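Just so it is clear: chains get the letters A, B, ... in the order the sequence lines come, proteins before strands, and each one is counted from 1. All values derive from a computational prediction rather than experimental measurement.
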Amino acid sequence: DAKTTQPTSMDCAEGRAANLPCNHSTISGNEYVYWYRQIHSQGPQYIIHGLKNNETNEMASLIITEDRKSSTLILPHATLRDTAVYYCIVRVGGNFGNEKLTFGTGTRLTIIP
Amino acid sequence: DAMVIQNPRYQVTQFGKPVTLSCSQTLNHNVMYWYQQKSSQAPKLLFHYYDKDFNNEADTPDNFQSRRPNTSFCFLDIRSPGLGDAAMYLCATSRDRQGANEQFFGPGTRLTVL
């Protein structure tokens, strides 16, 4: 699986949009971009994933660049409960999927009141 | 609500004393995973079961074993815990391991080794 690079930490004001970047310059054509987050002392929680197109769900939006070498997770209206470590993971999908989620160091997002 | 349950949430054991952590799921998922997460580190996959098929990661120590007696339950056995095995142990499930299948994690069991 392709490696990812994320900033170590970020702050965001409560109520503002939090934009978390991720670089995955060696991503392959059949690899998906996944985002998980881990709130302190809890198990990781799935947020969203995408292959090529931008995706949106009730939690967040995922913007993937056209060359797929980077992506941005957007939390549109951050709340204090969004304070967590956010992991960007690249993983093979399709019928030849690799079952492993390889977590990197992630971004520690702190929402400031 | 369908979920992944881990018991106990906190487990204390003595150096070298075998310990078993348990995980159950109500999602009826085919795949169950065990991850180890040490303090201030990212989760690391130890092994997984695809149905009854056990898949070990190459760098998982022999001290760690697993059992899956049925679809709903999976156990992590640590045969002789060392101080370095103190960690959060996370169980996760997914419907399948192919395709874009998200993993659902339990709350974890924090293991302390005295």
Positions in residues 103-113 of chain A that reach chain B, provided some heavy atom is under 4.5 Å away: A:Phe103, A:Gly104
Measure the shortest side-chain to side-chain distance between B:Asn63 and B:Ile78 over non-hydrogen atoms and say whether it is less than 4.5 angstrom. yes
Tell me if a side-chain donor or acceptor on B:Arg110 pairs with a main-chain N or O of B:Ala86 at a distance below 3.5 Å. no
Less than 4.0 angstrom from a charged side-chain N to a carboxylate O is my criterion; do B:Asp62 and B:Arg79 meet it? no
Excluding sequence neighbours, so at least two apart, what forms ring pair (Phe, Tyr, Trp, His ring centres under 6.0 Å) with B:Phe73? none
Under the rule for ring pair (Phe, Tyr, Trp, His ring centres under 6.0 Å), what residues qualify as partners of B:Phe104, not counting sequence neighbours? B:His29
With B:Gln6 via side chain to side chain contact (heavy atoms under 4.5 Å, CB included) - residues at least two apart: B:Cys23, B:Trp34, B:Cys91, B:Pro107, B:Thr109
